[in-house]
> 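This structure is in structure tokens; I'll ask about it shortly.
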Amino acid sequence: MTTLFPIPENHPQRFVLHNEVHARAPVMLNLPVRASHLALLLSSDEKLQERQHLIMLCERFGVAPPEKEVDHFSASFNSFQIRWEQHGEFSTYSFYVHDTPKDPFMDSALKKVPVDWLAALTGQVIVAAHATIVCADDINYEESNDLGALSVYFAGNSVVGSKVTGGAASVFTDFRIHIDGFSRFLVINNDLRAEQAGRLLQRLFEIEVYRVMALLAFPIARKLYPALNKADRQLYTITNAMTLPDNNDAELLDELTTLAAEVENYISGNHFRFAAASAYYQLVEQRISDLREVRIQGIQTLGEFTKRRLEPAINTCESVSHRFTLLSERVSNASQLLRTKVDIIIERQNQGLLTSMALRAKMQLRMQQMVEGISIVAITYYLAGLIGKIAEAFNILGWEVNPELIEGISIPFILIIIGIGTKLIHKIIANTTE
């Protein structure tokens with residue numbers, strides 16, 4: 001791409017990153033509208049299959065398919081619109097039909113979608129929801145009337161709702177799965193524009209999806225709770241045993257190592273799920289904030305209902321995750337203390353061993369010195385005797401010498417020579433070892 005100014009060349013990802021803010025623009029909707037939303041959990045292989053499945057739908061209606069690398073797609077078909085998004089763990093499909101029957105939930109938008117294509121979708125349904133935007137006159141709704149009349153659209157269940165988007169619409173739901181397997185959102189249009197309607201439905205569907213995705217960690221937290229308590233008690237037993245004077249430190253260290261491995265396995269095996277729960281809950285809070293709710297007298301708002309019902313579960317997940325982290329730190333501290341204690345004991349044993357070895361070396365040196373002394377005496381005795389024999393030989397040859405005298409005189413000289421020789425040998429050995 002050419003520019004008007006001589007600036008350096010563009011980063012390869014510049015335009016992709018710049019246009020990311022426009023990647024998931026809301027669908028333009030003509031009101032009134034019916035919508036159906038599916039969120040499917042998918043494996044890596046299933047994600048590849050769903051892309052091909054979406055291409056088949058586009059080919060069936062003569063619509064340009066999504067590009068190979070994109071993770072979102074919107075298109076209009078003969079009688080419905082579709083919006084597809086692929087996320088890290090799941091994919092979502094939103095279907096829109098621009099008409100509304102007398103009963104807002106009598107005919108869903110999915111009835112316009114080919115049945116065979118719909119049945120062949122890959123993955124597991126984690127969220128299924130219907131939403132309808134209608135005018136107040138179409139259902140004879142007046143805010144001043146008893147809102148219990150709206151419960152007829154929700155199988156008689158208690159309804160929660162509020163005014164949203166600055167009063168341009170009112171939203172009602174019961175947060176329940178109905179007999180058709182779908183939850184329901186009823187949106188009463190006061191003054192919604194096409195873009196507002198698309199954003200509103202997208203936020204409502206995202207609240208439902210992120211709410212359920214956040215709760216995926218809750219069964220795991222409840223399942224891990226007994227294991228957490230068991231590990232906590234086991235750590236207490238080990239640390240209590242560490243204070244006893246007659247404990248077996250080696251066995252305690254083995255138990256601590258095993259416990260540390262189990263705790264780290266729990267943490268590494270479930271860290272992603274707990275972290276995801278926290279992230280999804282933050283998204284739920286953000287989407288509810290984006291609705292800009294205003295209370296309708298007599299019923300709970302979506303934010304109040306979600307906070308009361310979802311927050312305790314999320315707090316439980318965060319508590320279990322935090323307790324496992326603290327337990328891991330406590331096990332690590334206990335292991336460090338026990339290793340320090342074992343190291344000190346080993347150092348004391350080594351010190352005693354070195355002291356014993358030093359004593360033995362000293363005794364060996366004394367014995368060696370004594371042996372050297374005895375050896376010097378023995379060598380002197382044999383050399384003096386040899387000199388005496390030589391003197392006797394000279395006496396026999398006619399020399400007038402006293403062998404015994406010569407032998408006695410030679411002893412001091414022999415001792416001096418042997419002493420000097422011994423020192424020279426010690427010096428040579430010392431130089432060799434240095």
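Source: prediction; values computed, not measured.
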> Looking at L31 and A197, what are the two nearest heavy atoms and their distance?
CD2-CB, 3.7 Å
> Given T165 and D191, is the side-chain contact (heavy atoms from CB on, under 4.5 Å) satisfied, shown in steps?
CA-CA 10 Å; T165 61; D191 190 24; over 6 Å; no
> Can you name the closest pair of heavy atoms from L302 and G161 and give their distance?
CD1-CA, 3.5 Å
> Quick one: are L204 and T173 in side-chain contact, heavy atoms under 4.5 Å?
no
> Are the side chain of S278 and the backbone of A275 linked by a donor-acceptor contact shorter than 3.5 Å?
no
> S335 and L253: which non-hydrogen atoms are nearest, and at how many Å?
O-CD1, 4.4 Å
> So how far is it from E264 CD to L327 CG, rounded to the nearest 0.5 Å?
9.5 Å
> Could you tell me the separation between the CG atom of L118 and the CG atom of L57, rounded to the nearest 0.5 Å?
10.0 Å
> Does the side chain of D107 come within less than 4.5 Å of V97's, by heavy atoms?
no
> I'd like to know if the side chain of R273 and the backbone of A221 have a donor-acceptor N/O pair within less than 3.5 Å.
no
> Would you give the length of the straight line joining atom NE2 of H130 to atom CG of L186, rounded to the nearest 0.5 angstrom?
13.5 Å
> Within the distance-only criterion (no hydrogens, no angle test), does the side chain of S321 pair as donor or acceptor with the backbone N or O of C317 below 3.5 angstrom?
no
> Examine distances only and state if a side-chain atom of S162 and a backbone atom of S170 form a donor-acceptor pair shorter than 3.5 Å.
no
> Would you check if there is a donor-acceptor pair between the side chains of Q81 and S74 at a distance under 3.5 Å?
no
> Would you check if L235 and L256 make a side-chain contact, meaning some heavy-atom pair closer than 4.5 Å?
yes
> Write down the atom of V70, the atom of E67, and the distance for their closest heavy-atom approach.
CG2-O, 3.2 Å
> How close do R184 and D180 get, heavy atom to heavy atom, and via which atoms?
NH2-OD2, 4.5 Å
> Does L326 have more than 12 heavy atoms from other residues, nucleotides or ligands lying within 6.0 Å of its CG?
yes
> In terms of ring plane angle, is the pair F205 and H37 parallel, tilted or perpendicular, where the classes change at 30° and 60°?
parallel
> Using a strict cut-off of less than 4.0 Å between a Lys/Arg side-chain nitrogen and an Asp/Glu carboxylate oxygen, indicate whether D290 and R199 qualify as a salt bridge.
no
> Look up atom OH in Y280 and atom CD in E206, then write down how far apart they are to the nearest 0.5 Å.
11.5 Å
> Heavy atoms, side chains only, cut-off 4.5 Å: are S94 and L201 in contact?
no
> Assign the ring pair W117 / F95 to parallel, tilted or perpendicular, where the plane angle (0 to 90°) is split at 30° and 60°.
perpendicular
> Nearest 0.5 Å, please: how far is CG in L216 from CE in M213?
5.0 Å
> Should the ring pair F324 and Y266 be called parallel, tilted or perpendicular, given that the plane angle runs from 0 to 90° and is split at 30 and 60?
tilted
> Taking the cut-offs as 6.0 angstrom to the six-membered ring centre and 45 degrees off its axis, would you call R323 and Y225 a cation-pi pair?
yes
> Applying side-chain contact (heavy atoms from CB on, under 4.5 Å) to R287 and V209, what does each step give before you reach the verdict?
CA-CA 11 Å; R287 296 300 181 269; V209 173; over 6 Å; no
> Show your reasoning for whether side-chain contact (heavy atoms from CB on, under 4.5 Å) applies to V187 and L192.
CA-CA 10 Å; V187 181; L192 279 175; 4.2 Å; yes
> Is there a side-chain contact between F77 and R60 in this structure, where contact means two heavy atoms from C-beta onward sitting under 4.5 Å apart?
no
> Under 3.5 Å, is there a donor-acceptor pair between the side chain of S319 and the main chain of N315?
no
> Kindly check if the number of other-residue, nucleotide or ligand heavy atoms within 6.0 Å of CD (Q124) is above 12?
no
> As a test of understanding, state which of T122, L121, L48 forms a side-chain contact (heavy atoms from CB on, under 4.5 Å) with L42.
T122
> Short question: side chain of R51, backbone of K68 - any donor-acceptor pair under 3.5 Å?
yes
> So, the side chain of R211 versus the backbone of V284: is there a donor-acceptor pair under 3.5 Å, distance only?
no
> Taking E285's backbone N and O only, do any of them form a donor-acceptor pair with S289's side chain (distance below 3.5 Å, no angle check)?
no
> Evaluate the side-chain proximity of P32 to P104: yes if any heavy-atom separation is below 4.5 Å, no if none is.
no
> Can you list the steps and then say if Q202 with E85 is a side-chain contact (heavy atoms from CB on, under 4.5 Å)?
CA-CA 11 Å; Q202 183 176 344; E85 291 189 27; 4.1 Å; yes
> Is there side-chain contact between F182 and L38, with at least one heavy-atom pair below 4.5 Å?
yes
> Without swapping roles, check the side chain of H98 against the backbone of N30 for a donor-acceptor pair under 3.5 Å.
yes
> Give me the atom names and distance for the closest heavy-atom approach of V160 to I299.
C-CD1, 4.1 Å
> Starting at CD1 of I188, measure out to CD1 of I133 and round the result to the nearest 0.5 Å.
11.5 Å
> Got more than 12 heavy atoms from elsewhere within 6.0 Å of NE2, H271?
no
> Side-chain contact, heavy-atom cut-off 4.5 Å: Y210 with Q282?
no
> Just by modelled atom types, is the R233 backbone N or O under 3.5 Å from a matching donor or acceptor in the T237 side chain?
yes
> Less than 4.0 Å between a side-chain N and a carboxylate O, is that true for E50 and K47?
no
